[in-house]
Amino acid sequence: MGSVLNSIDYKGIFKFFEEICGIPHGSKNNKEISDYLISFAKSRGLECHQDEYLNVVIVKEATKGYEDKPTVIIQGHMDMVCEKRPEIEHDFIKDGLELVIDGDFIHANGTTLGGDDGIAVAYALAILDDDSLIHPRLEVVVTTDEEIGMDGAAGLDTSSLQGKYFLNIDSEEEGILLSSSAGGLTGTCTIPLEFEEKEGSTYQINISGLQGGHSGAEIHKNRTNASLLMGRLLFDLGKKLDFSLVEVNGGLKDNTIPRESTAKVLIKDKDKELLKETMDSLTGDYTNELKTSEPGLKVELELLDEKKAKVLNEKTYKNVMTMLLYTPNGVQAFSSDIEGLVESSLNLGILSMEDDKIIFSYSVRSSLSSYKRFLSDKLENLAKLLGGTYIARGDYAAWEYKKDSKLRDTLVKVYKEDYGEEPKIEAIHAGLECGLFAGKMKDLDLISFGPDMYDIHTPDEKLSISSAKRVFDFLVHSLEALCEVE
């Protein structure tokens, strides 16, 4: 298959982006992409390191005459969120992405694009590959498993890094320089299940067509969580007829708002018509309620060829429904200091039944560590009240605003020169690896930015071509300007 992006390549960035997209690189599947980065560096005679987490560090010495200037770190992550539309056949473990150009946008055919954060890696490779650029000593740091808890950055030994200025290319809106971000963790509640056998007619209920999205960037946009909507549907259904729950599942990533959920229910044969009538009525209610916020909602009922099934017993079913109906979810608090900024939230991203247990996995975020702990404690208490267990992992610190920043001042100046206007200086509710690096490296000066991307973590993800070009030039000009900063 020939190159798709060759016709739009700009200073190498889309060439490298396409190479990255051709390598499967979902979270926990980092080996091939990590080895690719090492091979790239070795083939160009650059110093490089790969650690046990498969993080990669590549060093390029300063342009002649700027050897005494502070080292700049360019940082991004190599893993991507793997989501696809139900009708698409794609194996993220072994298949590369099928890229499509549509006007000013690059997207993938029915899957996530991985512009988050493949564009950062492409930028870094293009800079490392171009010996005509003016820059201080560079340390390119590409981490693993950012999307599932920042495990790579957490495990990275930073003692050998010399960087004073840190450019994180993991933001999705051109014109914004991020200067702080929320901290977070992954909280997992596990509730034990007990079953009994029953006979009747088995149906599968499918909820699909919801917008979904990034649980940090889109959590405040009134997007419906498919798993929680399924919980409501089961609750409403139970008010009209008796049924038994065989299974319920929803979502694939804890940091993605679920777009789809499925449940299997077993009913008495005599209730078939009542089930269909009730489902039609409930579908009408939900479609009307969500016609503006979720216009693509689909609720479907499918008769399965199963006359006997293991179903949840009454006690277990009540526990599952209690969790689905009363779990905290979504925005919990807005910032009192920055208008419109979400301070604290959590997202039920994964709902899955496995053997004799059901697992609820959440992405918990807050710019306040104390409130993050409180939300985690609430989940733990709820799980234990229902006879379950709780584990918190991947805890990462918030990135706090730095009042005095030579890096920020320099980038603002460069932005004004490039764009003829002031950039926005903002905080973000989504978690960034900046907090981990700031905690490990004393006096590190950090900024995050990136090109326009839309609907990340969904199959509708797209990257603006024109924005990617402008932001790359801004990055190159910023490196040149940092040659003049102590």
Side-chain angles (χ1 to χ4, degrees), residues 5 8-14 16-17 20-21 72 74-77 80-81 99 101-108 112-127 133 146 165-181 213-214 216-218 220-221 338 340-341 399 401 405 407-434 446-458 460-482:
L5 304 187
I8 63 163
D9 193 31
Y10 183 74
K11 302 181 180 180
I13 59 174
F14 296 123
F16 288 118
F17 184 71
I20 292 162
C21 290
V72 175
I74 300 174
Q75 190 268 327
H77 60 87
M80 64 174 282
V81 167
L99 299 183
I101 299 174
D102 183 6
D104 186 47
F105 295 102
I106 302 169
H107 64 89
T112 39
L113 173 66
D116 173 17
D117 195 22
I119 194 61
V121 183
Y123 278 180
L125 297 184
I127 288 170
L133 301 179
E146 187 269 353
Y165 300 120
F166 187 100
L167 302 175
N168 168 270
I169 319 295
D170 192 16
S171 301
E172 294 86 34
E173 190 170 351
E174 184 181 6
I176 294 177
L177 303 181
L178 294 177
S179 57
S180 66
S181 64
H214 189 292
E218 274 87 35
H220 63 294
K221 294 183 178 179
I338 303 174
L341 176 67
W399 167 30
Y401 179 77
S405 167
L407 177 61
R408 186 173 64 244
D409 292 344
T410 301
L411 266 60
V412 167
K413 181 175 180 291
V414 173
Y415 189 92
K416 289 168 66 177
E417 292 172 352
D418 279 10
Y419 290 85
E421 62 184 22
E422 292 266 358
K424 296 178 182 177
I425 308 297
E426 292 187 1
I428 190 173
H429 181 58
L432 291 172
E433 292 164 296
C434 298
L446 307 93
I447 284 289
S448 178
F449 59 91
D452 287 335
M453 283 183 271
Y454 302 89
D455 297 310
I456 62 171
H457 296 190
T458 80
D460 296 320
E461 179 184 1
K462 56 187 179 181
L463 166 69
S464 168
I465 297 167
S466 58
S467 179
K469 294 177 180 179
R470 289 191 297 269
V471 172
F472 180 72
D473 286 339
F474 169 68
L475 171 59
V476 170
H477 297 158
S478 296
L479 293 176
E480 187 171 348
L482 287 169

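Heavy-atom basis, side chains included; hydrogens, waters and symmetry copies ignored. On a predicted model such as this, the values are computed, not experimentally measured, just so you know.
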Tell me, do Leu178 and Ile447 make a side-chain contact under 4.5 Å, heavy atoms counted? no
Mind listing the closest non-hydrogen atom pair of Asp104 and Ser464 along with its distance? OD2-OG, 2.8 Å
Straight-line distance of Leu479 CG to Leu167 CG, nearest 0.5 Å: 6.0 Å
Applying ring-ring contact (aromatic ring centres under 6.0 Å, His included) between His214 and each of His429, His220, His457, report the one that passes. His457
Do Leu482 and Thr410 make a side-chain contact, defined as non-hydrogen atoms from C-beta onward lying under 4.5 Å apart? yes
Please assess Tyr454 against Leu463 for the test side-chain contact (heavy atoms from CB on, under 4.5 Å), listing each intermediate value before the final yes or no. CA-CA 7 Å; Tyr454 302 89; Leu463 166 69; over 6 Å; no
Straight-line distance of Lys11 NZ to Leu133 CG, nearest 0.5 Å: 8.5 Å
Nearest heavy atoms of Phe14 and Ile8, plus distance in Å: CD1-O, 3.2 Å
Taking Tyr123 for its side chain and Ala468 for its backbone only, find out whether a donor-acceptor pair lies under 3.5 Å. yes
Salt bridge between Lys462 and Asp102, side-chain N to carboxylate O under 4.0 Å? no
Interatomic distance, Ile428 atom CD1 to Ser448 atom OG [nearest 0.5 angstrom]: 7.0 Å
Checking the side chain of Glu173 only, and the main-chain atoms of Met453 only, is there a donor and an acceptor separated by less than 3.5 Å? no
Grab the two heavy atoms, one from Leu177 and one from Pro423, that are nearest each other, plus how far apart they are. CD1-CG, 3.9 Å
His77 versus Asp170: any side-chain heavy-atom pair under 4.5 Å? yes
Polar contact flag, side-chain donor to acceptor under 3.5 angstrom, Asp418-His477: yes
Any idea which heavy atoms bring Pro451 and Val471 closest together, and the distance? CA-CG2, 3.7 Å
State plainly whether the residues Lys416 and Glu421 are in salt-bridge range, i.e. N to O under 4.0 Å. no
For this output row, return yes or no: ring centroids of Phe474 and Phe449 closer than 6.0 angstrom. yes
May I ask you to decide if Glu146's main-chain N or O and Glu433's side chain share a donor-acceptor pair within less than 3.5 Å? no
For the pair Leu446 and Trp399, evaluate side-chain contact (heavy atoms from CB on, under 4.5 Å) and give the outcome as yes or no after the intermediate values. CA-CA 9 Å; Leu446 307 93; Trp399 167 30; 3.7 Å; yes
Rounded to the nearest 0.5 Å, how far does OH of Tyr165 lie from CG of Leu411? 11.0 Å
Side chains of Met80 and Thr112 in contact at under 4.5 Å (non-hydrogen atoms): yes
Can you see which heavy atom on Ile74 is nearest to which on Ala124, and at what distance? CG2-CB, 4.3 Å
Quick one: CD on Glu426 to OG on Ser179, what's the gap to the nearest 0.5 Å? 9.0 Å
Interatomic distance, CG@Leu99 vs CG@Leu113, rounded to 0.5 Å, equals 6.5 Å
Among Arg470, Lys424, Lys469, exactly one meets salt bridge (charged side-chain N to carboxylate O under 4.0 Å, His left out) together with Glu174. Which residue is that? Arg470
Does any N or O in the side chain of Ser467 come within less than 3.5 Å of the main-chain N or O of Asp452, such that one atom is a donor and the other an acceptor? yes
Least distance between heavy atoms, Ile169 atom then Ala120 atom: O-CB, 3.0 Å
Taking atom types as modelled and ignoring hydrogens, do the side chains of Asp473 and Tyr10 form a donor-acceptor contact shorter than 3.5 angstrom? yes
Check whether any side-chain heavy atom of Val412 lies under 4.5 Å from a side-chain heavy atom of Glu422, and answer yes or no. yes
Heavy-atom side-chain proximity of Phe166 to Gln75 below 4.5 angstrom: yes
